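First the structure, in the form of structure tokens, and then the observations on it.
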Amino acid sequence: MEILNFLTDLLSTPAIFIGLIALIGLLLQKKSPQQVITGTIKSILGFMILNAGSQVIQQAINPFSDLFHIAFNVHGVVPNNEAIVSVGFSKYAISTSLIFALGMLMNILLARFSKLKFIFLSGHHTLYMACLITIVLTMGGMEGWMLVISGSLLLGLLMCVCPAIMQPTVKKITGSDKIALAHFGTTGYWISAQIGKMCNKFKKGKEKINVDDIKLPKSLSLLRDNSVSISIVMFICYFIVCFICHVWYEETARHIWSEQNWFLFGLIQSITFAAGVFIVITGVRMLIAEIIPAFKGFSEKIVPNAKPALDCPTMFPYGQNTIFIGFICSFFGGIFVLIFLIFLGSSTNLVIYIILPGAVAHFFCGATAGICGNSRGGLTGCIIGSFVNGIIITVLSSMVLVYMGENGLGTTTFADADFCLVGCILGTLIYYFSCNTLFIIIIILFALPIIYNIMSVIKSKTKNKEK
Amino acid sequence: MLNEKKILCFCTCGLGTSMILNMNIQKAVSELNLKNIEVQQTNINEVEEDKADLFICAQDLLDSVSHINNIIGIKDIMNIDEYKEKISTFWKV
């Protein structure tokens with residue numbers, strides 16, 4: 001009896017559960033006993049590190065949220081995937097881990113039995129989407145095996161569909177059909193590509209400016225370093241709110257920076273935030289390091305003709321300058337929405353959540369959107385496409401906040417387009433339909449590509465027989 | 001352990017691209033029959049000259065780490081032959 005209790009306790013301890021998934025992955029890869037032990041411990045360590053990072057982030061971001069509210073009378077939210085996932089994952093570790101692991105299996109299943117032959121190899125995005133799905137469905141009242149099955153089917157479906165949607169544009173960018181894109185910013189990228197197509201139509205016959213002929217200053221390369229760009233953006237945000245609070249609301253705000261100088265407070269807090277994100281990323285890296293190779297190896301055996309879908313930087317070599325133009329235009333798109341929302345919040349009585357510019361999201365998603373826009377519509381496509389991307393991710397980040405509940409605690413939210421869009425759609429569906437109905441809808445959606453494939457195979461076999 | 005060589009692969013965050021690099025490097029190293037090679041992945045901040053015998057990244061990141069000499073840039077990230085060719089040239093296998 002005691003052993004049974006011990007086992008139950010063991011398996012319901014999030015860190016151990018994650019270690020178990022890694023253990024299975026390592027055993028499947030037939031690794032040596034030494035590698036299995038090291039790998040399992042490293043995965044558990046990764047989870048612990050992620051947890052620790054979450055504490056650091058919260059410590060850095062909570063004062064900012066209070067100061068922002070004092071200064072502008074609206075809520076200021078920092079969109080950062082690592083920040084919100086670290087909170088959500090710690091809270092719903094077991095559901096998220098199950099959906100993460102089974103979602104990958106569903107990806108393989110769907111790739112095997114449908115025409116969507118893509119294997120989604122950006123493990124961190126798989127994990128983040130698993131976390132998003134878990135949060136929204138749990139907030140909506142789903143739990144237990146229904147939550148896990150719905151979540152993993154949906155995740156597997158997204159892991160095939162998103163690369164498939166982008167494949168025509170990726171073929172244009174890379175010039176080949178060998179790799180696909182695994183990044184949950186598809187909404188922004190696809191729209192940017194369509195904008196590029198429209199730009200191309202209008203400019204028909206006129207010469208397209210080659211973006212890579214433009215000379216950009218070398219100093220922009222420091223923006224490539226995420227920790228630096230997060231620190232700089234957060235510092236500017238902190239400086240503005242601290243300055244406003246110091247000049248106009250000193251009495252109310254003083255307790256937040258207490259003995260410390262307001263400027264120094266802002267500086268330290270902003271770098272602490274970047275440090276927290278860095279810690280979470282380290283944790284995620286260790287966590288998925290043993291699991292993703294198992295996933296890839298397994299998928300190669302079951303679906304050897306599937307296309308590997310890779311992280312967005314694999315698109316970057318196809319437009320070095322486009323990256324920076326995309327980032328900056330996307331960033332301006334975000335600032336545009338920010339200013340609009342601030343006016344809206346201060347001139348009406350609406351409860352507005354202001355989304356601050358997310359450095360990482362605008363860099364990776366803006367850059368990729370820029371490359372997509374550029375591939376279809378040259379420089380104009382790049383600029384307008386990534387500007388619109390910036391608007392989209394900011395607006396969607398604001399909308400998904402409604403479905404986050406206590407997670408993020410109103411201080412952070414998801415940053416990339418697809419996390420937010422899926423969150424909003426799922427959240428709305430579960431509000432209007434029951435959990436059972438949503439469960440059935442998800443099963444049907446998952447089955448559709450498989451049914452379509454079976455029917456087209458039957459059709460071609462019938463045609464061959466007639467011949 | 002004395003003869004163990006260390007390859008450190010990296011990308012901007014050390015999450016997505018470097019994971020693929022890691023897996024493909026390990027495949028290339030085993031196909032080249034190289035023994036005692038340890039492969040690890042990290043992010044671009046962690047890259048310092050003496051941390052590894054060989055650094056590998058995607059080709060577009062080479063400009064950002066111009067202070068590193070023992071480095072290989074990969075153009076076609078899924079092409080194992082490119083890894084094998086460049087690693088064997090570097091270590092003159």
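Proteins come first, then strands; the chains are lettered A, B, ... in the order of their sequence lines, and each starts at number 1. What you see is a predicted model, and the numbers here were worked out from it, not measured in a lab.
In this structure, the side chain to side chain donor-acceptor pair (under 3.5 Å) partners of A/S32, at least two apart in sequence or on a different chain, are A/Q35.
Contact residues of residues 40-57 of chain B toward chain A are B/Q41, B/T42, B/N43, B/N45, B/E46 (heavy-atom distance under 4.5 Å). Proximity to chain B among residues 359-371 of chain A is limited to A/F364, judged by heavy-atom separations below 4.5 angstrom. Along residues 69-84 of chain B, the residues that come nearer than 4.5 angstrom to chain A, judged on non-hydrogen atoms, are B/D76, B/I77, B/M78 in order of number.
Separation of atoms CG (B/L15) and OG (A/S122) is listed at 9.5 Å; rounding is to 0.5 Å.
Of all heavy-atom pairs between A/D311 and B/G16, the closest is OD2-CA, 3.2 Å.
Residue-environment remark: NZ (A/K117) exceeds the threshold of 12 foreign heavy atoms within 6.0 Å.
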Please determine whether side chain to side chain contact (heavy atoms under 4.5 Å, CB included) holds for the pair A/L310 and B/T17, giving the CA-CA distance in whole Å, both sets of side-chain angles, and the decisive distance to 0.1 Å.
CA-CA 7 Å; A/L310 308 174; B/T17 316; over 6 Å; no
Report the C-alpha separation of A/L121 and B/M19 in whole Å, then their side-chain angles, then the decisive distance to 0.1 Å, and conclude whether the side chain to side chain contact (heavy atoms under 4.5 Å, CB included) test is met.
CA-CA 9 Å; A/L121 289 172; B/M19 178 86 50; over 6 Å; no
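For B/C13, the parts lying under 4.5 angstrom from a heavy atom of chain A are both the backbone and the side chain. A/I179 touches chain B through its side chain: at least one heavy atom from C-beta onward sits under 4.5 Å away, while N, CA, C and O do not. Of the atoms belonging to A/P308, it is side-chain heavy atoms, and not backbone ones, that fall under 4.5 Å from chain B.
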